[in-house]
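Below is one structure, written out as structure tokens; the observations come after it.
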Amino acid sequence: MIVGVEPTRSGDVTRAGQRIHWEQFGDADQTVLLLPTWSIVHSDFWRHQVRHLSTRYRVILFDGLGNGGSDRPLDPDLYGDLLFAEDAAQVLDACGVERAAVLGSSQGGAWALALAALHPDRVSAAVFIAPNVPLAPGHPERVAASDGFFEELSEHPGWARWNRSYWLSDFPDFLRFFFSQCFTEADSDEAINHFFGMGMQTNAEVLLATAGNGRADLTEGLARAYARLLRCPSLVIHGDHDAITPLARGRELARLSGAGLVVMAGSGHEPHCRLPQETNEIIDRFLRSALQL
């Protein structure tokens, strides 16, 4: 759901009766698939890449369940890393695309890894931006907050906002805090406000459901196995000031898979949003080489 840009075509696929909305921009021979990320935002977080890449590629994206143009089910059974990867394959089928270069950011990086491992014939190249793959420990403050997610707290400073009761009682404040951690660069108010607007298009109950039931999670064991299975040309892009996903996770994914690694100095969790020109240039160079253009 790219705001202010008219897609070449659009449509829906369904899973378990739930509608998943996709859009296509451009109609070139080579295809780039931009994966969703956690349902706290929708696909407009790719706005800078759609405008840039669609001048030379057919760009396809979709809103994962929980936000944007897709349905917002409250059933945890409908959410999970491996399910979102299969949604991507279904979207490619609906668009008549056999193979695509795949870009995934944050949780979408985990889904890109699963897609490339489970459907290697569908993925011609892969770019992982700040991939939230369980290949290294998380940031200690966030891990501690996750451990106490269901506790009733009297105060919620900092990462204590990562808390079930707080999401239900003051969802907007949680969003403001979380997105401030996504954008650790100075003067990021515009980017934070953009993400806040997307976040307000879903709700706390939906985000609680996105935790899933655990049966479709990308575990550490699966992530390591999938990384070693990766055969397509691949690149990891990760900021060294990422307060959401530790750089160690990106480094380990690159090491295990043999992917290239670009560390963006001073960048936070969303370099493609906060530093789009620089990030797009990195993506351009990689895709030209990987796709032999």
Side-chain angles (χ1 to χ4, degrees), residues 1-13 20-37 41-64 68-70 84-106 108-109 111-131 230-237 257 259-260 262 270-293:
M1 194 172 81
I2 302 298
V3 177
V5 182
E6 193 67 26
T8 307
R9 63 187 185 124
S10 62
D12 300 310
V13 298
I20 299 166
H21 184 68
W22 60 265
E23 294 181 337
Q24 176 183 315
F25 300 85
D27 55 5
D29 292 336
Q30 295 276 5
T31 300
V32 172
L33 175 65
L34 305 178
L35 293 180
T37 186
V41 296
H42 56 70
S43 55
D44 197 50
F45 83 100
W46 287 119
R47 58 166 60 180
H48 299 294
Q49 285 65 52
V50 167
R51 291 179 171 88
H52 180 75
L53 293 171
S54 61
T55 61
R56 69 200 76 180
Y57 302 99
R58 171 170 44 180
V59 175
I60 295 169
L61 50 73
F62 66 99
D63 290 318
S70 296
F84 277 93
E86 294 301 330
D87 291 343
Q90 189 178 0
V91 167
L92 289 178
D93 289 341
C95 296
V97 173
E98 291 294 326
R99 286 169 59 83
V102 176
L103 276 65
S105 171
S106 190
W111 304 337
L113 179 61
L115 178 65
L118 297 172
H119 300 278
D121 55 322
R122 309 300 299 269
V123 180
S124 57
V127 178
F128 306 93
I129 302 175
L230 201 61
R231 295 292 179 265
C232 64
S234 303
L235 176 69
V236 176
I237 302 171
S257 66
V262 174
E270 311 281 352
H272 56 297
C273 303
R274 190 63 184 81
L275 301 169
Q277 182 174 346
E278 182 177 349
T279 308
N280 286 344
E281 289 174 356
I282 294 168
I283 293 170
D284 278 342
R285 289 195 296 271
F286 169 74
L287 290 179
R288 282 198 298 269
S289 174
L291 304 179
Q292 299 181 345
L293 299 178

Would you say the side chain of [Y] lies within less than 4.5 Å of the side chain of [X], judging by non-hydrogen atoms?
| X | Y | answer |
| --- | --- | --- |
| V236 | V127 | no |
| I283 | I237 | yes |
| V13 | F62 | no |
| V5 | R51 | yes |
| V123 | L115 | yes |
| S70 | H21 | yes |
| Y57 | L291 | yes |
| W46 | S105 | yes |

Q: Run the numbers on T55 and L53 for side chain to side chain contact (heavy atoms under 4.5 Å, CB included), then give the verdict.
A: CA-CA 5 Å; T55 61; L53 293 171; over 6 Å; no
(Q) Would F286 and V262 count as a side chain to side chain contact (heavy atoms under 4.5 Å, CB included) here? Give the steps. (A) CA-CA 11 Å; F286 169 74; V262 174; over 6 Å; no
Q. Is there a side chain to side chain contact (heavy atoms under 4.5 Å, CB included) between Q30 and R58 once you walk through the steps?
A. CA-CA 6 Å; Q30 295 276 5; R58 171 170 44 180; over 6 Å; no
Q: State which residues pass salt bridge (Lys or Arg N to Asp or Glu O under 4.0 Å) with D93; sequence neighbours excluded, sorted by chain then number.
A: R122
Q. Can you list the residues that meet the salt bridge (Lys or Arg N to Asp or Glu O under 4.0 Å) rule with R56, with sequence neighbours excluded?
A.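 Residues passing salt bridge (Lys or Arg N to Asp or Glu O under 4.0 Å) with R56: D284.
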Testing the basics here: between [X] and [Y], what is the closest heavy-atom pair and its distance to 0.1 Å?
| X | Y | value |
| --- | --- | --- |
| V97 | A100 | CG1-CB, 4.3 Å |
| F128 | L113 | CE2-N, 3.6 Å |
| A101 | S124 | N-OG, 3.2 Å |
| A88 | L35 | CB-CD2, 3.6 Å |

With a 3.5 Å distance limit and no angle check, can you tell me whether [X] reaches the backbone of [Y] through a side-chain donor-acceptor pair?
| X | Y | answer |
| --- | --- | --- |
| S106 | P131 | no |
| S10 | W22 | no |
| S54 | G26 | no |
| S234 | C232 | yes |

From [X] atom [atom1] to [Y] atom [atom2], the distance as rounded to the nearest 0.5 Å:
| X | Y | atom1 | atom2 | result |
| --- | --- | --- | --- | --- |
| E270 | T37 | CD | OG1 | 7.0 Å |
| E98 | L92 | CD | CG | 9.0 Å |
| I2 | D44 | CD1 | CG | 5.0 Å |
| L61 | R47 | CG | CZ | 13.0 Å |

Q: Dump the intermediate steps for side chain to side chain contact (heavy atoms under 4.5 Å, CB included) on I60 and T31, then the final yes or no.
A: CA-CA 7 Å; I60 295 169; T31 300; 3.8 Å; yes
Q: Look at the rings of H272 and F45 and say which category their plane angle falls in: under 30° parallel, 30 to 60° tilted, over 60° perpendicular.
A: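 Aromatic pair H272/F45 classed perpendicular.
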Taking side-chain hydrogen bond (donor to acceptor under 3.5 Å, both in side chains) as the test, write out the residues that go with [X], two or more places apart.
| X | result |
| --- | --- |
| N280 | Q49 |
| S43 | D63 |
| R99 | none |

Q: Would you list the pairs meeting salt bridge (charged side-chain N to carboxylate O under 4.0 Å, His left out) in which at least one residue belongs to residues 22-32, sequence neighbours left out?
A: none
Q: Go through the steps to decide whether H119 and E86 satisfy the test side chain to side chain donor-acceptor pair (under 3.5 Å), and finish with yes or no.
A: CA-CA 9 Å; H119 300 278; E86 294 301 330; 3.0 Å; yes
